[in-house]
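This report refers to the structure that appears directly beneath it.
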Protein chains: 2
Amino acid sequence: MSEERPRRSDGTRAAILRAARERFAADGYERATIRAIAADAEIDPSMVMRYYGNKERLFAAAAEFDLRLPALSGVPEEEIPAVLVGHFLDRWEGDETLMALLRAGVTNPAAAERMRQIFATQLGPLAERLAPDEPHTRAGLVASQVLGLALCRYVLELPPVVAMDRADLISWLAPTVRQYLLGPRPGGPKVP
Amino acid sequence: MSEERPRRSDGTRAAILRAARERFAADGYERATIRAIAADAEIDPSMVMRYYGNKERLFAAAAEFDLRLPALSGVPEEEIPAVLVGHFLDRWEGDETLMALLRAGVTNPAAAERMRQIFATQLGPLAERLAPDEPHTRAGLVASQVLGLALCRYVLELPPVVAMDRADLISWLAPTVRQYLLGPRPGGPKVP
DNA sequence: CCTTCAGGTCAACAGATGTTGGCAAACGAA
DNA sequence: TTCGTTTGCCAACATCTGTTGACCTGAAGG
């Protein structure tokens with residue numbers, strides 16, 4: 001079916017995508033203009049339209065994202081939280097896709113929906129495998145702490161959060177993630 | 001000096017400010033247009049410029065914010081985290097200023113700087129009074145969890161985070177805040 | 001060779017945006 | 001009343017936005 005043969009324009013396509021990710025990550029959805037992205041990729045703005053249709057679809061292509069959660073099968077339970085926090089830090093610093101998603105998701109409804117999908121399909125299953133009860137709630141709590149750290153460290157750049165090194169962050173966050181994912185429900189069982 | 005006598009236009013000024021807060025909170029800095037704000041306030045866009053100079057100063061006026069941290073002097077130490085989490089939830093749901101700050105701060109450098117100032121002047125002192133060591137780091141961690149919750153619950157609207165009620169949130173977050181503010185440094189003392 | 005067609009540039013469009021200046025009406029002090 | 005000030009609206013500006021279509025260019029296939 002989708003026999004994707006290599007095209008002569010693949011280089012340009014890739015350059016556009018790379019520039020788009022950078023701009024969306026740095027400026028958010030509305031301030032990242034097609035013209036600026038095209039200038040970074042050193043091509044004409046109309047090429048962006050030809051290859052990606054419109055700005056929304058360009059963003060969708062640039063914000064394709066895989067959390068790449070590690071297997072965790074051989075990891076002892078006590079070490080899982082630290083491994084997870086370290087992995088999240090890697091994913092944040094590895095490329096700019098997550099930053100683009102966060103910066104855009106705050107003001108663009110489509111980007112927010114994309115984040116909800118990633119949460120549901122890529123983080124939810126992890127919690128279902130680990131958490132004894134209320135896995136979705138627990139996954140949401142982990143997301144709140146991890147996204148909050150990224151917000152404070154990479155977006156708002158609160159000085160003390162920027163100053164912490166990787167080991168500090170893992171030491172502080174791992175117990176929190178452990179409580180959220182594996183700990184007992186605080187405040188007694190839910191009585192509705 | 002600044003003898004501020006009441007003016008006939010105070011009502012208009014207030015209407016502009018209220019509309020500005022709503023729009024900035026709902027749309028972020030760039031998508032909240034002067035024209036839309038003026039339409040909400042049912043006045044002419046040029047009035048916004050007359051009374052607030054330009055968009056940046058309008059935002060500065062609309063994003064004036066006081067965390068209003070409670071005194072905590074009579075509160076026993078074990079209850080401080082829960083009281084704090086409850087207070088933050090109140091401040092988020094009370095008016096739209098925090099939402100405006102968050103949505104704008106993610107894409108607008110001036111708004112981000114404002115958030116850093118609020119953090120430094122209004123949350124820092126609290127940590128200095130409570131935390132035995134590294135108060136700024138601890139304040140930063142609390143900010144990461146509280147802002148992360150707000151991000152997931154009010155901005156991204158991750159379903160499980162939206163679904164939790166106030167008591168749930170306090171039960172889950174208070175232990176985390178307690179560890180960050182009052183708990184021992186995890187992973188042993190810092191050896192630089 | 002000629003034909004075809006994808007890759008790429010240029011100029012322009014319609015609409016929205018922040019911002020400005022002019023002008024009319026209402027108000028308050030004299 | 002009269003006069004200056006405040007309050008408000010209207011029209012316009014320059015610029016930037018996403019987007020479009022006409023046109024050129026070079027390579028590949030016959």
Side-chain angles (χ1 to χ4, degrees), chain A residues 2-63 100 103-104 107-111, chain B residues 2-63 100 103-104 107-111:
Chain A
S2 60
E3 190 81 25
E4 294 288 341
R5 306 194 305 101
R7 304 191 187 199
R8 193 152 40 100
S9 59
D10 284 349
T12 306
R13 289 180 136 90
I16 293 175
L17 222 50
R18 188 168 356 111
R21 255 189 287 264
E22 280 178 25
R23 282 284 174 177
F24 283 131
D27 299 339
Y29 186 82
E30 8 276 337
R31 299 200 347 180
T33 70
I34 303 259
R35 283 172 163 86
I37 292 168
D40 287 358
E42 294 180 304
I43 45 98
D44 191 88
S46 64
M47 300 299 294
V48 179
M49 310 303 295
R50 188 192 296 244
Y51 291 134
Y52 292 96
N54 58 31
K55 188 178 181 179
E56 201 174 331
R57 271 184 284 175
L58 171 64
F59 176 80
R103 274 231 164 82
T107 48
N108 184 272
Chain B
S2 60
E3 192 80 23
E4 294 288 340
R5 306 195 304 102
R7 304 193 185 197
R8 191 154 38 102
S9 59
D10 284 349
T12 305
R13 290 181 135 91
I16 294 175
L17 222 49
R18 186 167 358 109
R21 255 188 287 265
E22 279 179 26
R23 284 283 174 177
F24 283 130
D27 298 339
Y29 186 82
E30 6 278 336
R31 299 200 349 182
T33 70
I34 303 260
R35 281 172 164 86
I37 291 168
D40 288 357
E42 294 180 305
I43 45 96
D44 190 88
S46 63
M47 303 298 295
V48 179
M49 309 305 295
R50 190 193 304 249
Y51 290 135
Y52 293 96
N54 58 32
K55 189 178 181 181
E56 201 174 328
R57 271 185 283 176
L58 170 65
F59 175 80
R103 273 230 164 81
T107 48
N108 184 274

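Order of the sequence lines sets the chain letters (A, B, ...), proteins ahead of strands, with each chain counted from 1. Everything numeric in this text was worked out from a predicted model, so none of it was measured.
- Side chains of B:D27 and B:T33 form no contact here, defined as non-hydrogen atoms less than 4.5 Å apart.
- Note: CG (B:L58) to C1' (C:dT17) measures 15 Å, nearest angstrom.
- The side chain of A:D44 lies closest to C:dC10 when the candidates are C:dG7, D:dC9, C:dC10.
- Between the CZ atom of A:R13 and the P atom of C:dG7 there is a distance of 7 Å, rounded to whole Å.
- Here D:dG8 is the nucleotide among D:dT7, D:dG8, C:dT9 with the atom lying nearest to any side-chain atom of B:T12.
- Computed from coordinates, the B:E42 CD to D:dT7 P distance equals 19 Å when rounded to whole Å.
- If you measure from atom NZ of B:K55 to atom P of D:dT15, you get 19 Å, rounded to the nearest angstrom.
- Mapping A:R8 and B:I34 onto DNA chain C by nearest heavy atom places A:R8 closer to the 5' end of the strand.
- Of the candidate nucleotides C:dT9, C:dG18, D:dT19, D:dT19 has the atom lying nearest to any side-chain atom of A:P45.
- When side chains are defined from C-beta on, B:N54 does not count as touching B:I34, because their heavy atoms never get closer than 4.5 Å.
- Along DNA chain D, the nucleotide nearest A:R31 and the nucleotide nearest A:G53 are compared for position; the residue whose nucleotide lies closer to the 5' end is A:R31.
- Distance from the side chain of B:T33 is smallest for C:dT17 among the nucleotides D:dT7, C:dG7, C:dT17.
- For B:R35, whose side chain is taken as the heavy atoms from C-beta onward, the closest listed nucleotide among D:dC9, C:dT17, D:dT20 is C:dT17.
- Each of D:dT20, C:dT19, D:dG8 was ranked by its minimum atom distance to the side chain of A:M49; first place goes to D:dT20.
- Contact annotation for A:S46: base contact, defined as any heavy-atom pair under 4.0 Å involving a base atom.
- Look at CZ on A:R50: it is 9 Å from P on C:dG8, rounded to the nearest Å.
- The CZ atom of A:R57 sits 12 Å away from the C1' atom of D:dT19 (whole-angstrom rounding).
- The shortest distance between the side-chain N/O atoms of A:S9 and the OP1/OP2 oxygens of C:dG7 is below 4.0 Å.
- Judged purely by atom type and a 3.5 angstrom limit, B:Y52 has no side-chain atom pairing as donor or acceptor with the backbone of B:F59.
- Going from atom CE of B:M47 over to atom P of D:dA11 covers 17 Å, rounded to whole Å.
- Closest approach of B:T107 to A:G28, counting heavy atoms only: CG2-CA, 3.9 Å.
- Closest approach to the A:Y51 side chain among D:dT19, D:dG21, C:dG8 is made by C:dG8 (side chain taken as heavy atoms from C-beta onward).
- Under the salt bridge (charged side-chain N to carboxylate O under 4.0 Å, His left out) test applied with A:D40, the options A:R21, A:R35, A:R23 reduce to a single match, A:R23.
- In this entry the distance linking CG of A:N54 with C1' of D:dT17 reads 14 Å, nearest Å.
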